[in-house]
Structure formats: C-alpha cells, structure tokens
Amino acid sequence: METRPYAEPYKIKVVEEIKLNTKEEREQKIKEAGYNLFNLKSEDVFIDLLTDSGTGAMSDNQWSAIMKGDESYAGSKSFFELQKTINTLLGMPYLIPTHQGRAAENVLFSALIKKDDVIPGNTHFDTTKGHIEHRQAVALDCTVDEAFDPEIELPFKGNIDLAKLEKAFNDYPKDKIKFTNLTITCNSGGGQPVSMKNIKEVSELCKKYDKMLFFDAARFAENAYFIKVREEGYQDKTIKEIVREMFSYVDGCTMSSKKDGLVNIGGFIALKSEELYRQCSVYEIMFEGYLTYGGLAGRDMAALAVGLNESTEYDYLHSRIRQMQYLGDKLVEAGISIVRPVGGHAVYVDAKSFLPNIPQSEFPAQVLGVELYIEAGVRGVEVGVVLADRDPVTRENRFPKLDLLRLAIPRRVYTDNHLDVIVWGLKQVHKRRNECRGLKFTYEAPIMRHFTARFERV
Ligand code: F0G
C-alpha cells in the first residue's frame with residue numbers, strides 16, 4: 001500500500017505577493033548594499049530567511065483576537081487573559097509583558113545582576129550576553145562539548161554539562177552566581193534542544209547550591225517537540241504536558257514571543273515568586289510601561305494568548321520541524337555540508353567547506369550569503385567571523401571554529417516549493433564555487449559590526 005503523503009494542517013486564507021527581480025538587478029542591489037544582506041530592502045528579497053523572529057504568519061483565530069484586544073492603560077482584559085493562558089501552560093502565576101525578548105532580559109537582569117556576577121548557561125544568545133556584559137558581569141558557557149562539533153549526531157546538543165556547572169558553583173564566591181540561564185532550544189548552538197533529563201538535573205544542581213534557574217524560552221515549544229519525539233518516556237505525552245513539566249523545574253523565564261509566541265512583536269517574563277515579581281515591577285514601569293501592558297498594545301497580548309496555545313499543538317510543531325528536516329535532507333543529498341542534526345528553527349550551512357578557496361579572513365559565510373542572494377533572491381544571515389567581531393583588547397578579528405550561513409525558516413510562511421528554490425540556489429552557487437571572490441571591509445562599526453558593515457570584493 002502506498003503511504004499517504006504529508007500535508008500541512010492548515011490552508012492559506014491570505015497571501016502576500018513576492019517578486020523575483022533579475023539576477024542582474026540583484027547583483028546591482030547587493031553591490032549598492034555594500035554586500036551586506038541587512039542593507040537590502042525586503043522588497044528586493046524573494047525568500048527571506050534572515051530570521052524566524054517576528055516573521056511568522058498569524059492564524060485566523062489570532063487575527064480575530066486582535067479585534068477584541070482591550071487597549072486600557074491599566075487592568076486590560078487582554079492582560080488578564082494572557083496571564084491566565086501563561087499560568088495554565090507554564091504554571092507561572094506572575095506575568096510581566098515586555099515589547100520583545102531583550103526587553104524582558106533588561107528588566108529581569110536589572111533586578112538580579114550586579115557587577116562581577118557570573119551567569120552560567122548553554123551558549124547565551126547575543127542579546128542575553130549583551131545584557132549580562134553591559135552590567136559588567138560574565139556569561140559563562142557550560143554547554144556540553146559535543147555541541148561544538150557540527151558532525152556529531154546527538155539528540156540533545158543544547159544540554160548543559162553538569163560537571164562544568166558544578167565547577168562554576170564551586171569556583172566562584174557564593175554570592176556571585178544567583179542564577180543559571182538555560183536557553184531552549186539553544187539558538188547560538190544551532191537550535192539544538194535540551195532534554196527533560198538535563199533540565200531536571202540542572203534544576204536539582206541549582207537547588208543543591210541554592211541558585212535560581214531561568215529559561216530563555218523563545219523556542220520552548222520546539223524544544224518540547226524534540227523531547228516528545230526523541231526522549232524515552234515522552235512519546236505518549238502531549239506537548240502541553242511536556243511544556244508544563246519543563247517549566248515545573250524552573251523559577252521563571254524570559255520570552256521573546258516573536259518566535260514560539262507566533263506573533264510579530266512581544267515578549268514577557270513569567271515568574272513563580274511574588275517577591276521577584278515586585279522587584280522586577282520597578283524596572284518594568286521604568287523601561288517598558290505599566291504592569292498590565294509593558295510596551296505592548298492590548299491586541300498584541302490578545303494575539304499572543306492564542307498563539308501560545310497554537311504553538312504548543314503537536315500537528316503545528318510537526319509541520320514546522322519537518323520543514324527544517326526537509327531542507328536539511330535535500331542539502332545533504334546535494335553534497336552540501338550542514339550542522340547536524342538539523343535544529344528547530346534553522347538550517348546552518350558550513351561555509352568553510354562550501355568555499356574552501358576563501359580564507360576565513362575574507363568571510364566565506366558572508367560571501368555565501370551574498371552569492372545565494374544573487375543566484376536565487378534568497379536572504380540568509382552570516383554567523384561567522386563578521387558576527388564574531390574583533391577581540392576588544394587586541395582588536396584582531398576573532399575566528400570562530402565554524403563559519404556558517406544561517407537559513408532561518410519563518411513559521412507558517414513558506415511552502416516546500418520555496419525550500420526547493422533554496423536548495424536549487426545553493427546547488428547553483430556550489431557549481432561555480434571556485435569562481436566566488438572573498439570580501440573585505442570598506443566600513444566597520446567598533447562593535448556589533450555585522451548590522452552596518454559594508455564590503456567590497458577582493
Ligand atoms: N533569546 C533568544 C534565544 C533569541 O533567539 C532571541 C532573538 C532573543 C532572546 C531576543 O529576543 O529579538 O525579541 O529581543 N533572536 C532573533 C534571531 C533576533 O534572529 O535569532 P528579541
């Protein structure tokens with residue numbers, strides 16, 4: 001019997017036109033953009049994989065909720081509905097809404113982090129690290145060693161190494177480490193998940209040393225999906241049951257709702273402690289807004305409450321992770337080297353092996369991003385030397401082990417046909433990879449240079 005082919009558990013109600021300009025036009029556009037994909041206008045991009053953040057499609061139920069949003073300054077009905085949803089899903093009674101994820105970090109860290117503190121975690125995301133270092137504290141990476149080898153196929157490469165974490169708890173004075181930050185899934189590690197076992201063990205270790213534990217929960221639902229399909233004992237549990245168990249082990253979370261909240265803007269802090277909620281409230285009012293809106297419109301909170309319920313459904317998550325797998329498998333079939341296993345929100349192409357003739361000092365992943373755009377109108381993002389910035393002391397370029405082109409897939413936006421175009425585009429570039437030329441800076445900002453840098457071909 002022939003097996004039934006797979007199809008997405010949704011149909012399309014609204015469409016947005018995208019235009020494909022010519023290869024010559026793209027060659028011109030990217031030159032004008034200083035060979036930096038951030039400088040392109042989105043209308044000149046055919047398939048936009050710059051990020052999966054805030055770029056997803058909302059459902060009919062979310063759009064309906066938008067109309068019902070309560071725009072009251074204080075005591076908004078939409079706030080209380082969101083609070084109830086988050087308490088039901090995550091078991092966290094205290095909610096602080098924020099305008100996005102980094103704003104949640106800013107509020108929570110203002111309450112918790114002092115100069116010279118140490119915050120252990122599993123490869124903190126850029127903004128998390130930024131908010132820690134801005135307070136002259138240290139973001140200590142305790143991820144398992146296997147996470148740094150793109151070839152090793154392991155189910156949970158986002159895990160924390162318990163020995164490294166315990167060593168940190170012993171090495172630093174007790175008052176310097178107040179909490180551990182666990183990113184689920186680990187974005188900087190390629191969207192790799194953390195196992196329930198690891199969450200539980202990290203939680204036990206934190207309790208033993210009297211430390212708090214927080215999730216960076218941006219992609220918590222994708223993490224729960226991986227637990228369901230990869231971890232012994234979770235196959236028969238629903239995603240919502242798994243999510244509830246994950247959050248039972250932590251004190252709270254920061255969240256960028258632009259990912260697994262399935263909305264275009266928003267974030268929040270969710271907490272178990274009333275005392276910590278009070279401390280955060282001071283900074284919330286100062287930085288974000290009143291406690292029941294925190295930089296969001298009532299309608300944003302209304303759409304988020306619906307989005308959180310949708311993103312924690314198995315069928316939705318399966319359709320999403322399957323797309324990542326589909327793209328990854330097709331690239332591997334074409335002989336293109338990628339980070340393995342494929343994570344929850346993006347496929348990462350190994351640019352060093354794709355463009356062996358281009359030295360790291362000439363930014364192979366940036367070159368690959370530029371060439372893929374010219375070839376197919378597809379925009380990815382460099383995660384390599386350009387992003388790594390210069391060493392703050394020596395001012396030398398930092399050369400990370402991996403030079404990657406991240407292809408992040410927006411939620412519920414593209415079909416498999418779009419993915420086929422991405423594969424085709426990379427194959428075309430692969431055929432002419434020996435003719436690709438490196439890049440050099442013509443403008444470079446002192447920090448976070450990747451956003452505004454300009455280049456020319458060498
Ligand atoms: N934490 C993680 C794990 C993230 O991936 C991001 C954003 C943030 C926090 C910050 O959230 O953007 O709402 O302020 N990641 C985006 C990306 C930008 O492209 O990976 P934000």
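One-based numbering, in listed order, for ligands and for the atoms of each.
At least one heavy atom of R406 sits less than 4.0 Å from an atom of ligand 1. At a 4.0 Å cut-off, at least one heavy atom of R219 sits close enough to ligand 1 to count as contact.
Residue contacts with ligand 1: L50 is placed with no nitrogen or oxygen under 3.5 Å of a nitrogen or oxygen of the ligand (distance criterion only). For D52, no nitrogen or oxygen atom sits less than 3.5 Å from a nitrogen or oxygen atom of ligand 1, counting backbone and side chain alike. For ligand 1, none of its N or O atoms has an N or O atom of T185 under 3.5 Å away. Close N/O approach between N187 and ligand 1 is found [any backbone or side-chain N/O within under 3.5 Å].
Centroid-to-centroid, the aromatic rings of Y443 and F455 stay 6.0 Å apart or farther. Checked against the 6.0 Å centroid criterion, the rings of F363 and F441 qualify as a close aromatic pair.
With respect to the salt-bridge test (charged N to carboxylate O, under 4.0 angstrom), the residues K19 and E43 do not qualify.
Short contacts between ligand 1 and S256, defined as distances under 4.0 Å to a heavy atom of the residue, involve ligand atoms 11 (O), 13 (O), 21 (P). Taking every heavy atom of T183 and a limit of under 4.0 angstrom, the matching atoms of ligand 1 come to 3 (C). Heavy-atom contacts of T51 reach the following atoms of ligand 1: 17 (C), 19 (O) (cutoff under 4.0 Å). Residue K258 has at least one heavy-atom neighbour below 4.0 Å for each of these atoms of ligand 1: 13 (O). Under a 4.0 Å criterion applied to the non-hydrogen atoms of E105, ligand 1 contributes the atoms 9 (C). Near T127, the atoms of ligand 1 lying under 4.0 angstrom from a non-hydrogen atom of the residue are 8 (C), 9 (C), 10 (C).
For the pair D70 and S76, the tightest heavy-atom approach, listed with the atom from each and the gap, is O-OG, 2.8 Å. When every heavy atom of P93 is checked against every heavy atom of Q83, the shortest pair comes out as O-NE2, 3.4 Å.
Looking only at heavy atoms of the protein, atom 12 (O) of ligand 1 is closest to R102 NH2, 2.9 Å. The shortest contact between atom 3 (C) of ligand 1 and any protein heavy atom is with D216 OD2, 3.4 Å.
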Taking it one step at a time, do R299 and E71 satisfy salt bridge (charged side-chain N to carboxylate O under 4.0 Å, His left out)? CA-CA 7 Å; R299 54 181 168 270; E71 306 305 337; 3.2 Å; yes

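Of the residues listed (V367, D350, D403), the one engaging L355 in a side-chain contact (heavy atoms from CB on, under 4.5 Å) is V367, and it is the only one.
Taking all heavy atoms of Q100, M255, H124, K129 into account, the minimum distance to atom 21 (P) of ligand 1 is reached by Q100.
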